[in-house]
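Working notes for the structure below.
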There are 2 protein chains.
Amino acid sequence: MGYTLTVSRARRATRTLWLLLLVSLSICICVCNASSQEDSAMENIVTEKKVEESHRQDSVDLLIFIMLLTLTILTIWLFKHRRFRFLHETGLAMIYGVLVGVVLRYAIHVPRDISAATLNCHVNASPATLLVNISGRFYEYTLNGEISANVLDDVQDNEMLRKVTFDPEVFFNILLPPIIFHAGYSLKRRHFFLNMGSILAYAFMGTLVSCFVIGLLMYGFVTLMKHVGQLGEDFFFTDCLFFGAILSATDPVTVLAIFNELQVDVDLYALLFGESVLNDAVAVVLSSSIVAYQPQGDNSHTFEVMAVLKSLGVFLGVFSGSFALGVATGTPLLDSLTVTRHVTKFTKLRDFQLLETALFFLMSWSTFLLAEACGFTGVVAVLFCGITQAHYTYNNLSPESQIRTKQLFELLNFLAENFIFSYMGLTLFTFQNHVFNPMFIIGAFVSFRCRFNCQRTVAVFIGRACNIYPLSFLLNLGRRNKIRSNFQHMMMFAGLRGAMTFALSIRDTATYARRMMFSTTLLVVFFTVWVCGGGTTQMLSCQRIRVGVDADQDNLSVNEGSERRSTKQESAWLFRIWYTFDHNYLKPILTHSGPPLTAVMPTCCAPLARCLTSPQAYENECQLQDDDSDLILTDGDISLTYGDVTISTDATGAYTTSGGPAGLPSGTANASFSEELDRELTCGDQELVMRGTRLVLPMDDSEPPFTDHHRPRI
Amino acid sequence: MGYTLTVSRARRATRTLWLLLLVSLSICICVCNASSQEDSAMENIVTEKKVEESHRQDSVDLLIFIMLLTLTILTIWLFKHRRFRFLHETGLAMIYGVLVGVVLRYAIHVPRDISAATLNCHVNASPATLLVNISGRFYEYTLNGEISANVLDDVQDNEMLRKVTFDPEVFFNILLPPIIFHAGYSLKRRHFFLNMGSILAYAFMGTLVSCFVIGLLMYGFVTLMKHVGQLGEDFFFTDCLFFGAILSATDPVTVLAIFNELQVDVDLYALLFGESVLNDAVAVVLSSSIVAYQPQGDNSHTFEVMAVLKSLGVFLGVFSGSFALGVATGTPLLDSLTVTRHVTKFTKLRDFQLLETALFFLMSWSTFLLAEACGFTGVVAVLFCGITQAHYTYNNLSPESQIRTKQLFELLNFLAENFIFSYMGLTLFTFQNHVFNPMFIIGAFVSFRCRFNCQRTVAVFIGRACNIYPLSFLLNLGRRNKIRSNFQHMMMFAGLRGAMTFALSIRDTATYARRMMFSTTLLVVFFTVWVCGGGTTQMLSCQRIRVGVDADQDNLSVNEGSERRSTKQESAWLFRIWYTFDHNYLKPILTHSGPPLTAVMPTCCAPLARCLTSPQAYENECQLQDDDSDLILTDGDISLTYGDVTISTDATGAYTTSGGPAGLPSGTANASFSEELDRELTCGDQELVMRGTRLVLPMDDSEPPFTDHHRPRI
């Protein structure tokens with residue numbers, strides 16, 4: 001009774017609030033309208049006033065977006081309450097964006113602003129800054145970019161709609177970095193590293209395959225269009241490839257939210273999330289290297305080996321450069337935080353959390369800027385910076401700062417994501433130069449043919465199909481824990497396109513081809529987010545994918561033991577080498593966990609090792625010997641042997657210590673398993689064992705920093 | 001031993017880090033330099049490349065600032081460790097800014113960029129958007145503003161320095177709002193409301209007096225300068241007044257940090273903080289209304305009554321409009337959060353914290369934008385929005401969101417503040433159009449005459465002296481708890497100028513007069529932050545101001561009882577009416593605390609009251625009667641009587657309930673005091689008592705949301 005009453009009150013109040021918000025939104029729009037009308041009337045008032053007016057206009061524009069976001073958040077609240085799972089917040093943001101876009105476009109008629117003047121100028125180049133002498137007074141103008149002649153009328157036409165349109169670079173420089181960083185920082189590292197081989201294959205090979213398949217298909221369609229006479233302008237193969245690269249960046253945020261909510265199989269989650277995160281990075285670099293393809297000859301669109309090689313070089317150079325930069329910029333931060341940990345130990349910690357958080361934030365941002373300044377891709381650098389920081393730096397932060405940074409980036413991610421999606425909705429109607437070419441759109445959606453599968457008829461994209469199925473087949477040859485066919489179908493279905501695709505396509509809308517791509521991309525994003533995103537629950541039940549899996553319980557259960565072991569072993573060859581190096585060298589140098597370096601490095605390097613080891617590492621060693629569970633809690637499932645003491649732990653935190661030079665692990669549950677790995681390690685990494693260090697369960701079981709609190713979890 | 005070792009390690013590591021940072025900073029600068037050199041060489045490469053180049057340049061510029069901030073944070077860390085109190089982080093940020101400014105200015109010689117072209121144009125007006133037809137291709141340019149003819153050479157001169165210079169509106173639209181909002185949100189409301197009368201007097205009267213005194217003094221100096229021939233250009237009385245308004249905004253962030261650290265008397269803290277917060281708001285509106293002074297006649301700088309009245313109208317209109325807007329935009333947020341509390345009660349709370357925080361953030365920002373869009377002052381609206389939200393909304397948030405919002409705005413404030421101060425340092429050398437007029441500067445500093453006081457010789461500003469001393473004298477006539485003379489001297493000394501002064505002066509540097517003001521303001525800020533800020537500790541001990549006062553203990557101690565009572569009574573006439581209204585009507589409507597409206601509203605309004613009261617208020621009522629201490633914990637020191645039950649609480653949380661129609665409070669410690677107030681209330685607000693509601697200790701004792709964690713507190 002009380003419940004019903006309160007809920008109905010809440011609903012009523014919410015409805016009132018929406019009305020209020022809509023009213024205020026329309027007031028905004030009216031103000032906006034009025035100020036535009038004023039604009040045209042005050043031709044003769046001084047420039048400063050006009051600049052001020054333009055600032056006010058900017059405020060109104062931003063206000064519209066903030067109202068949109070507020071509306072979205074309020075609706076999400078209601079949806080969460082009603083457990084409505086067909087529409088994710090991003091889809092909702094898009095719908096609201098479309099509605100406001102329609103209002104801005106059709107309900108408001110702004111009189112033609114005749115203040116935009118065209119000058120004929122006798123300068124050869126286009127300077128970045130222009131000083132215009134208007135009847136004796138000088139005015140400064142900054143270059144915005146080139147405008148093709150056929151849209152000149154549009155440019156002068158609707159000032160207001162143009163104002164609502166942001167500089168595309170805003171997406172790359174302000175909105176994408178927090179999203180990407182958050183993705184890297186919140187990566188569930190354990191399962192990510194376990195499936196690393198497959199994820200890397202999907203991300204690199206998959207994106208390349210998908211890009212070329214889409215590119216080739218589109219080229220076919222474009223050729224057809226030219227024959228039919230539907231396409232007047234140029235559309236080269238590089239454009240098609242560029243389109244392929246754009247459409248290869250997947251962003252299954254909706255699907256992942258539902259996975260999180262329903263607790264879908266962790267491996268599937270890790271594959272999908274890991275793939276989508278790396279996908280974005282690859283797609284960005286790929287698209288920029290396609291743009292860099294410029295043959296020397298007269299016709300700049302012929303095939304030329306040198307130019308292809310150059311593009312390939314750009315791809316590899318930019319990607320590895322960004323990767324190295326992202327990983328490296330972690331290091332000063334790590335160091336500085338290590339230092340500060342020493343300092344903070346002796347003063348009050350609580351005063352320094354703010355500084356710690358601020359430093360963390362600034363260093364992450366400077367990674368992005370540094371990469372951009374060096375000509376690398378900031379987005380890629382920020383991704384790897386996030387992963388590195390989650391792996392190393394996170395352990396060095398004070399517990400309060402861990403929560404703070406987590407929450408800060410969560411908030412930034414949430415706001416940026418919803419902003420991009422509502423802007424996407426808005427832009428469908430406010431963008432002035434849409435080119436909706438039906439045949440091109442059909443071409444992009446071409447692959448919506450029915451495909452008869454083992455179980456069902458599923459609508460798929462050919463591009464993604466050519467990515468997922470053959471790669472999965474190849475990967476399954478190497479994997480012991482096969483990627484099952486229903487997982488493959490699900491991954492295919494979850495190939496949503498989102499923020500990155502949008503940002504890439506809006507970055508350059510100067511030519512006809514690019515505009516056509518942009519409009520088509522927008523439709524693809526809408527379709528995938530609404531249809532594929534909305535159908536995730538149905539698809540999951542169709543494909544009989546297990547839900548309600550508790551990741552931790554899954555690992556502890558005895559039944560799953562054999563499967564788990566095989567999972568670990570299939571990734572062992574790539575993973576174990578990395579983990580050993582990481583655990584024995586990197587973690588001790590960069591964090592306080594792991595064994596002291598003096599124990600793992602050869603004796604010749606002893607002075608260096610002593611210098612690099614933090615005093616806390618020795619303390620940790622003492623703690624281990626003193627039966628303190630500090631390290632065990634952070635490092636989880638590991639069993640180390642150094643000196644002549646073996647400490648073996650399992651995930652429950654129970655551990656046993658056994659003395660003896662041979663260092664045989666003696667954990668009861670892990671005994672047979674560890675022996676097996678033991679043998680392998682003895683064969684493979686003999687040197688390490690010789691030096692007295694060996695690890696039994698090479699898992700990093702520490703809690704991933706994020707659990708995506710804002711995703712629905714019922 | 002271990003301590004010394006670790007500290008010396010830490011120090012060494014910090015030194016290494018600094019070196020590293022400095023090196024990276026210089027690399028940035030080199031990159032920046034190199035890219036500028038490239039710039040001039042690639043005249044013929046297409047425009048898009050140039051735009052891209054300019055984006056990269058922007059990255060480098062931002063990177064320089066982020067490095068500066070990082071450097072500052074690292075140094076603060078060391079300072080906190082060393083308990084070094086002469087230099088606050090803001091002062092430090094300025095020093096680093098100056099150093100980098102010197103490097104940028106003198107160590108780097110960028111070849112003259114000849115790409116800036118001057119066009120002679122036959123258009124009458126200056127359009128906001130310009131399309132330039134350069135040999136058949138159209139380029140879009142946006143208006144930056146007017147440039148006076150005598151700096152045309154400078155504009156073309158050093159492209160790089162100009163790039164480092166931000167659009168002044170960035171300060172108003174991006175950096176100031178979080179600072180101001182934080183100030184409002186973190187206001188120690190209890191002491192602020194206790195001293196509200198004095199604070200309002202200092203803020204409004206004080207700022208006006210200070211503005212006019214400085215304006216008049218400067219006018220004298222300017223007249224003198226004209227006679228001497230030192231000043232060629234125009235400098236009107238309105239300019240002097242504008243300068244006065246700029247210099248009236250105080251920002252004693254350094255002093256307050258030290259106060260916080262040393263736990264100086266809370267009343268002095270409240271006076272100084274409250275004054276500085278409101279000061280800023282008044283100064284912004286004052287300066288804009290001075291700019292709005294435009295007489296009708298030919299000579300636009302004569303005195304005209306109508307124009308003065310219009311300016312006054314602008315002042316009152318803008319201030320009250322912004323105030324109303326700031327307070328009002330709290331309300332939808334409050335409502336929505338009230339609603340969501342109902343919703344969240346029945347679903348998992350933890351999923352919604354992010355939404356709650358995001359909503360809180362967005363609504364605060366939209367207040368700012370809405371005010372700007374309506375032509376009011378966003379900064380003022382945001383201040384009152386912050387105060388309102390701290391007073392009402394904060395109570396409605398979930399505990400986790402309270403911490404989240406607190407920490408978020410703390411971080412934003414910290415970053416914005418340090419950014420502004422380091423930019424200030426940078427701009428001393430990178431700003432191209434400095435006008436350092438020695439006499440004008442002497443004029444601004446004029447008041448550095450030695451003033452023989454009761455105790456000491458203190459250097460003071462006349463402007464601030466004319467503000468503080470006479471006002472304090474007048475206020476002391478009305479106050480029972482006098483503002484002692486050492487408090488007055490301290491307030492005088494603490495008249496630092498900071499972010500707001502800088503933002504106001506950099507907003508418009510188009511004319512010679514404004515540039516001279518800007519340069520002078522910069523020097524004033526430097527002087528006050530370094531000298532006055534650094535000397536705070538000395539001044540405190542000079543003036544024998546009590547330090548180490550625990551605010552809570554202070555109130556509980558019996559010795560201070562009489563003083564405390566008088567404090568409460570002196571502010572009673574203004575405060576009690578407000579508090580009664582707030583407690584009985586606003587709080588019940590807007591939050592969950594306070595008595596249900598049905599109990600306090602007259603019977604004729606019963607349906608309305610029932611409609612407005614949230615179900616939780618009834619629950620609270622029940623809780624109170626059911627001996628639950630929920631309300632007591634949030635509302636602290638209050639004693640309410642409604643219906644026929646009196647609940648009286650003291651700060652320790654103990655409370656007693658006594659039935660009876662007369663409702664005599666029966667708290668033991670508060671008995672005599674409450675009786676006294678009782679009598680007063682019976683005389684003054686008879687109606688309220690008639691309706692059975694009466695409050696005994698009109699204090700809001702709930703914990704202020706912030707305690708400035710990042711301020712040093714040893």
Side-chain angles (χ1 to χ4, degrees), chain A residues 6 10 13-14 17 20 31 43 47 50-51 55 59-60 62-63 66 69-70 73 77 81 115-121 123 125-127 129-134 138-147 169 336 339-340 342-343 347 354-355 358-359 362 366 369 372-373 404 407 414 709-710, chain B residues 6 10 13-14 17 31 43 47 51 55 59-60 62-63 66 69-70 73 77 81 115-121 123 125-134 138-147 169 336 339-340 342-343 347 354-355 358-359 362 366 369 372-373 404 407 414 615 709-710:
Chain A
T6 322
T14 316
L17 261 172
L20 220 146
V31 167
E43 209 81 72
T47 321
K50 233 178 236 177
V51 172
H55 280 299
S59 302
V60 174
L62 256 181
L63 195 60
I66 288 182
L69 281 184
T70 314
I73 292 176
W77 238 318
H81 176 61
S115 65
T118 310
L119 290 180
N120 287 305
C121 174
V123 194
S126 54
T129 313
L130 202 66
L131 294 174
V132 183
N133 180 350
I134 297 171
F138 287 90
Y139 295 92
E140 190 187 15
Y141 285 84
T142 4
L143 181 64
N144 263 13
E146 195 187 339
I147 286 176
E169 291 299 319
S336 70
V339 169
T340 56
H342 292 306
V343 177
T347 43
L354 182 68
L355 298 184
L359 198 60
L362 289 178
S366 66
L369 292 172
E372 289 284 315
R404 273 193 177 209
Q407 290 178 343
F414 176 77
H709 284 310
H710 72 285
Chain B
T6 322
T14 315
L17 261 173
V31 167
E43 210 80 73
T47 320
V51 173
H55 280 299
S59 301
V60 174
L62 256 181
L63 196 59
I66 288 182
L69 281 184
T70 313
I73 291 175
W77 240 319
H81 177 61
S115 66
T118 311
L119 290 179
N120 287 304
C121 176
V123 194
S126 54
T129 313
L130 202 67
L131 294 173
V132 183
N133 180 351
I134 297 170
F138 286 90
Y139 294 93
E140 190 187 13
Y141 284 84
T142 359
L143 181 64
N144 262 13
E146 196 186 340
I147 286 176
E169 292 298 320
S336 72
V339 170
T340 56
H342 292 306
V343 177
T347 42
L354 181 68
L355 297 184
L359 199 59
L362 288 179
S366 67
L369 292 173
E372 288 285 316
R404 274 192 177 210
Q407 290 178 343
F414 177 77
H709 284 310
H710 73 285

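Fair warning: this is a prediction, and the values are worked out from it, not measured in the lab. Below, read A as the first sequence line, B as the second, and so on, with proteins coming before strands; counting in each chain starts at 1.
Here the closest non-hydrogen pair linking B/Ser59 and A/Leu369 is CB-O, 3.8 Å. Between A/Ala373 and B/Val60, the shortest heavy-atom distance links the atoms CB-CG2, 3.5 Å.
Distance OG1/B/Thr70 to CG/A/Leu355: 11.5 Å, rounded to 0.5 Å.
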